[in-house]
2 protein chains.
Amino acid sequence: MNENVIKTLPKCPVEITLMLMGDKWKTLIIRDLLKETKRFGELKKSLTGISQKVLTQHLRSMEESGLVNRKVYAQIPPKVEYSLTEIGKSLSVVHDAMYKWGDEYKKMQPS
Amino acid sequence: MNENVIKTLPKCPVEITLMLMGDKWKTLIIRDLLKETKRFGELKKSLTGISQKVLTQHLRSMEESGLVNRKVYAQIPPKVEYSLTEIGKSLSVVHDAMYKWGDEYKKMQPS
DNA sequence: CTGAATCCTTGTCGATACTG
DNA sequence: CAGTATCGACAAGGATTCAG
């Protein structure tokens with residue numbers, strides 16, 4: 001764990017971004033949370049193929065690096081909501097660029 | 001291999017982008033080639049820590065997906081130059097977004 | 001429902017040696 | 001110089017089980 005801990009921040013800004021979101025699952029988690037706050041189960045269902053272990057790991061990691069908020073409701077059955085912090089929301093710029101590029105690339109493919 | 005082969009293109013544009021450049025090394029290769037055309041050895045030296053095997057794999061893969069051009073000079077000793085295709089160059093938008101975001105994040109860190 | 005803990009499979013990567 | 005081939009180490013991820 002602690003891949004994101006801010007000890008020795010890479011020199012290159014791109015590497016910083018990579019460290020925080022340069023990961024398939026993290027990018028998709030951000031995509032989901034950019035739309036709306038979601039519960040753990042909703043995220044799991046939305047991210048087809050992810051195991052709850054990996055989802056938990058990534059959410060914790062993103063919480064540590066200040067991208068994600070975790071709100072626990074003291075009730076039975078448990079309810080935990082995840083949302084993006086301000087910093088996390090600012091990743092929408094990167095996300096949008098990826099979205100647009102992917103869309104263009106798609107159009108260029110010989111169907 | 002063939003992670004990039006265009007068989008079943010994901011529905012979500014973001015996933016397409018992820019498939020093509022959502023990888024630490026690929027992103028850094030693109031960063032390098034956005035600056036200038038480079039020879040194999042130059043790339044290897046620039047990307048500290050990468051093994052030549054992995055570098056070759058990624059370059060091949062990016063060539064397959066149409067992001068990178070490979071130009072071989074028939075001479076001894078061999079000389080191979082890598083550059084970005086037009087599609088590859090268009091990734092600069094994504095790269096810039098990542099660069100800027102990483103830069104901002106860095107500023108926000110408690111030094 | 002959320003999530004911690006185990007086990008175990010898989011593939012990615014690094015190191016090394018060898019070739020045109 | 002620019003690869004290919006092989007091997008082994010290691011970590012990421014999946015499946016399953018158990019708990020609050």
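Just so it is clear, the model here is predicted, and its values are computed rather than measured.
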Engineer: Please report the closest heavy-atom contact between Lys38(A) and Glu42(A), naming both atoms and the distance.
Structural biologist: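 In terms of heavy atoms, the two residues are closest at CA-OE1, 3.3 Å.
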
Engineer: Does Glu15(B) form a salt bridge (charged side-chain N to carboxylate O under 4.0 Å, His left out) with Lys24(A)? I'd like the steps, not just the answer.
Structural biologist: CA-CA 8 Å; Glu15(B) 296 184 35; Lys24(A) 179 190 170 190; over 6 Å; no

Engineer: Using five base pairs at each end to define the local axes, how bent is the helix from dC1(C)-dG20(D) to dG20(C)-dC1(D), to the nearest 10°?
Structural biologist: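 Between the axes fitted at each end of the helix from dC1(C)-dG20(D) to dG20(C)-dC1(D) lies an angle of 40°.
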
Engineer: Verify the contact: side-chain N or O of Arg39(A) to OP1 or OP2 of dT2(C), cut-off strictly under 4.0 Å; return yes or no.
Structural biologist: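 Arg39(A) to dT2(C) OP1/OP2: side-chain N or O found under 4.0 Å.
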
Engineer: With respect to the side chain of Pro77(A), which nucleotide from dG13(D), dC1(C), dG3(D) is positioned closest?
Structural biologist: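 Closest of the options to the side chain of Pro77(A): dC1(C).
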
Engineer: Tell me: CG of Leu55(B) to C1' of dT12(C), nearest whole Å?
Structural biologist: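 Result: 15 Å.
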
Engineer: Give me the atom names and distance for the closest heavy-atom approach of Thr27(A) to Asp23(A).
Structural biologist: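 What the structure gives for the nearest pair is OG1-O, 2.8 Å.
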
Engineer: Any idea which heavy atoms bring Leu84(A) and Ile30(A) closest together, and the distance?
Structural biologist: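 Shortest heavy-atom contact: CD1-O, 4.2 Å.
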
Engineer: By the 4.0 Å heavy-atom rule, please label Tyr73(A) as base, sugar-phosphate, or nothing.
Structural biologist: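 Touches nothing.
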
Engineer: Rounded to the nearest angstrom, tell me the gap between atom CG in Asp23(A) and atom C1' in dA12(D).
Structural biologist: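 Those two atoms, CG and C1', are 10 Å apart.
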
Engineer: Nearest whole Å is fine: how far is dG14(C) C1' from Trp25(B) CH2?
Structural biologist: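 The answer, rounded to whole Å, is 11 Å.
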
Engineer: Report the nucleotide, chosen from dG14(C), dG13(D), dC1(D), that has the shortest atom-to-atom distance to any side-chain atom of Pro78(B).
Structural biologist: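 Closest nucleotide to the Pro78(B) side chain: dC1(D).
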
Engineer: For side chain to side chain donor-acceptor pair (under 3.5 Å), just list the numbers for Thr17(B) and Lys100(A), CA-CA rounded to whole Å, side-chain angles, deciding distance to a tenth of an Å, and then say yes or no.
Structural biologist: CA-CA 9 Å; Thr17(B) 309; Lys100(A) 285 175 191 163; over 6 Å; no

Engineer: Reckon Tyr82(A) has a side-chain N or O less than 4.0 Å from the OP1 or OP2 of dG3(C)?
Structural biologist: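 Yes, such a contact exists.
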
Engineer: Whole-Å distance between dT12(C) C1' and Lys24(B) NZ?
Structural biologist: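 Checked: the NZ to C1' distance equals 12 Å.
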
Engineer: May I have the distance from Leu28(B) (atom CG) to dC13(C) (atom P), rounded to whole angstrom?
Structural biologist: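 My rounded result for the distance is 12 Å.
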
Engineer: So does Lys89(A) pair up with Glu86(A), basic N to acidic O under 4.0 Å?
Structural biologist: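 The answer is yes: the pair qualifies as a salt bridge.
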
Engineer: Go through Ser46(A) and Asp32(A) one step at a time and tell me if the side chain to side chain donor-acceptor pair (under 3.5 Å) criterion holds.
Structural biologist: CA-CA 8 Å; Ser46(A) 172; Asp32(A) 273 27; 2.4 Å; yes

Engineer: Nearest whole angstrom, please: distance from the P of dC13(C) to the NZ of Lys26(B).
Structural biologist: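 Atom NZ in Lys26(B) sits about 9 Å away from atom P in dC13(C).
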
Engineer: Give the rounded distance in Å between these two atoms: NZ of Lys79(B) and C1' of dG3(D).
Structural biologist: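 After rounding, the gap between these two atoms is 17 Å.
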
Engineer: Rounded to whole Å, please give me the gap between CD in Glu63(A) and P in dT2(C).
Structural biologist: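 So the CD-P distance, Glu63(A) to dT2(C), works out to 15 Å.
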
Engineer: If the threshold is 4.0 Å, N to carboxylate O, is there a salt bridge linking Arg70(A) and Glu81(A)?
Structural biologist: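 So Arg70(A) does not pair with Glu81(A) through a salt bridge.
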
Engineer: Would you indicate whether Tyr82(B), at its atom OH, is surrounded by more than 12 heavy atoms from other residues, nucleotides or ligands within a distance under 6.0 Å?
Structural biologist: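 Buried by this count: over 12 neighbours within 6.0 Å.
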
Engineer: Identify the pairs formed between an N or O of the protein and an N or O of nucleotides 4-6 of chain D at a distance under 3.5 Å, and give each distance.
Structural biologist:
residue, atom, partner, partner atom, Å
dT4(D), OP1, Arg60(B), NH2, 3.4
dT4(D), O4, Gln52(B), NE2, 3.2

